[in-house]
Amino acid sequence: MISAISKNNVLIRLTNERLNHIFQNHPETKGCVSWFTETIEKPDYIFAGDFGELIAVKQYKKTPVSENKFLTLAYKESSKLDGFILTAYFSRGINKKRKLIWKQ
């Protein structure tokens, strides 16, 4: 199992089930697992999700998709000590309609 520490100092886990889900729905993220932990630990932005989740976003200059894409990673902090990644995908930009929680 892969894990990272969020900006709220919460351990965020990436289970094999979620990893399989991400790779099945977003195959372009294969080979980018280390980027998942980097995005959790050193995001450019954190936004509020619609259902209590947090959305970490980090821009990468070169990705498997193309240049200058954002890795968008949704995760849930289920307690002050534990959380888990829901999904991850590359996007062209950030959703400025979402509530900004944290910015680098």
Side-chain angles (χ1 to χ4, degrees):
M1 181 172 13
I2 298 158
S3 61
I5 303 296
S6 73
K7 286 293 179 186
N8 291 331
N9 206 31
V10 175
L11 177 70
I12 306 298
R13 298 172 288 108
L14 176 58
T15 64
N16 288 334
E17 183 274 329
R18 287 284 89 194
L19 189 59
N20 289 333
H21 164 83
I22 293 167
F23 288 165
Q24 182 177 7
N25 292 290
H26 308 286
E28 70 279 6
T29 62
K30 287 183 180 176
C32 299
V33 174
S34 65
W35 295 8
F36 296 176
T37 56
E38 183 179 2
T39 300
I40 291 288
E41 292 180 348
K42 300 175 185 173
D44 295 335
Y45 306 94
I46 300 175
F47 295 95
D50 295 333
F51 304 100
E53 76 277 15
L54 297 170
I55 302 168
V57 180
K58 185 168 185 69
Q59 185 175 21
Y60 289 90
K61 299 292 181 193
K62 181 83 172 144
T63 73
V65 181
S66 68
E67 294 181 4
N68 293 315
K69 291 286 185 177
F70 292 86
L71 181 58
T72 302
L73 195 144
Y75 64 100
K76 185 92 169 183
E77 293 181 346
S78 49
S79 74
K80 293 185 182 209
L81 300 174
D82 188 51
F84 55 94
I85 292 174
L86 296 164
T87 193
Y89 55 90
F90 287 104
S91 60
R92 283 183 266 161
I94 56 175
N95 185 343
K96 294 181 181 178
K97 294 178 183 176
R98 293 199 175 277
K99 179 182 177 188
L100 181 64
I101 303 290
W102 184 89
K103 182 179 177 183
Q104 180 183 38

> Nearest 0.5 Å, please: how far is CG in Asn20 from CD in Gln24?
8.0 Å
> List, by chain and number, the other hydrophobic cluster members for Leu86, where Ile, Leu, Val, Met, Phe, Trp and Tyr join if side-chain heavy atoms come within less than 4.5 Å, directly or indirectly.
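Traced through the cluster, Leu86 reaches Phe84.
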> Is Ile22 reachable from Leu54 through a run of hydrophobic residues whose side-chain heavy atoms are each under 4.5 Å from the next?
yes
> With sequence neighbours excluded, give me every ring pair (Phe, Tyr, Trp, His ring centres under 6.0 Å) pair touching residues 44-68.
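The answer is Trp35-Tyr60, Tyr45-Phe47.
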> Kindly write out the residues that satisfy ring-ring contact (aromatic ring centres under 6.0 Å, His included) with His26, not counting sequence neighbours, or none if the list is empty.
Tyr89
> Step by step, work out the side chain to side chain contact (heavy atoms under 4.5 Å, CB included) result for His21 and Asn25.
CA-CA 6 Å; His21 164 83; Asn25 292 290; 3.1 Å; yes
> Is there a path of hydrophobic side-chain contacts, each under 4.5 Å between heavy atoms of I/L/V/M/F/W/Y residues, joining Ile55 to Val10?
no
> Can you pull the salt bridge (charged side-chain N to carboxylate O under 4.0 Å, His left out) pairs that have at least one residue in residues 51-60, sequence neighbours excluded?
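As it turns out, the salt bridge (charged side-chain N to carboxylate O under 4.0 Å, His left out) pairs with a partner in residues 51-60, which skip direct neighbours, are Asp44-Lys58.
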> Taking side-chain hydrogen bond (donor to acceptor under 3.5 Å, both in side chains) as the definition, give me every residue that meets it alongside Thr72, ordered by chain and number, with sequence neighbours left out.
Ser91
> Going by the rule side-chain hydrogen bond (donor to acceptor under 3.5 Å, both in side chains), which residues pair with Ser6 if we only count those two or more places apart in sequence or in a different chain?
Glu77
> For residues Val65 and Phe70: do they belong to one hydrophobic cluster (side chain heavy atoms under 4.5 Å, members Ile, Leu, Val, Met, Phe, Trp, Tyr)?
no
> My understanding is that only one of Thr87, Val57, Ile46, Ile85 makes a side chain to side chain contact (heavy atoms under 4.5 Å, CB included) with Leu73; could you say which?
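Of the listed options, the one satisfying the test is Ile85.
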> Distance check, rounded to the nearest 0.5 Å: Leu14 atom CG versus Ile40 atom CD1?
9.0 Å
> Through direct or indirect side-chain contacts below 4.5 angstrom among Ile, Leu, Val, Met, Phe, Trp and Tyr, which residues connect to Ile5?
Leu11
> For the pair Ile12 and Phe36, evaluate side chain to side chain contact (heavy atoms under 4.5 Å, CB included) and give the outcome as yes or no after the intermediate values.
CA-CA 10 Å; Ile12 306 298; Phe36 296 176; over 6 Å; no
> What heavy-atom pair brings Leu71 and Ala88 nearest, and what distance separates the two atoms?
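Between these two residues, the closest heavy atoms are CD1-CB, 4.4 Å.
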> Search all heavy atoms of Ala48 against all heavy atoms of Ile101 and return the closest pair with its distance.
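Here Ala48 and Ile101 meet closest at N-CG1, 3.5 Å.
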> Rounded to the nearest 0.5 Å, what separation is found between the OG1 atom of Thr63 and the CZ atom of Phe90?
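The OG1 atom of Thr63 sits 5.0 Å away from the CZ atom of Phe90.
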> What residues form a salt bridge (Lys or Arg N to Asp or Glu O under 4.0 Å) with Lys76, not counting sequence neighbours?
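Scan of Lys76 (salt bridge (Lys or Arg N to Asp or Glu O under 4.0 Å), adjacent residues dropped) gives none.
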> Scan for side chain to side chain donor-acceptor pair (under 3.5 Å) pairs involving residues 92-104, sequence neighbours excluded, and state none if there are none.
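Non-adjacent pairs meeting side chain to side chain donor-acceptor pair (under 3.5 Å): Asp50-Arg98.
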> Could you name each residue pair satisfying salt bridge (charged side-chain N to carboxylate O under 4.0 Å, His left out) that touches residues 1-25, not counting sequence neighbours?
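Checked against salt bridge (charged side-chain N to carboxylate O under 4.0 Å, His left out) - neighbours excluded - the pairs reaching residues 1-25 are Arg13-Asp82.
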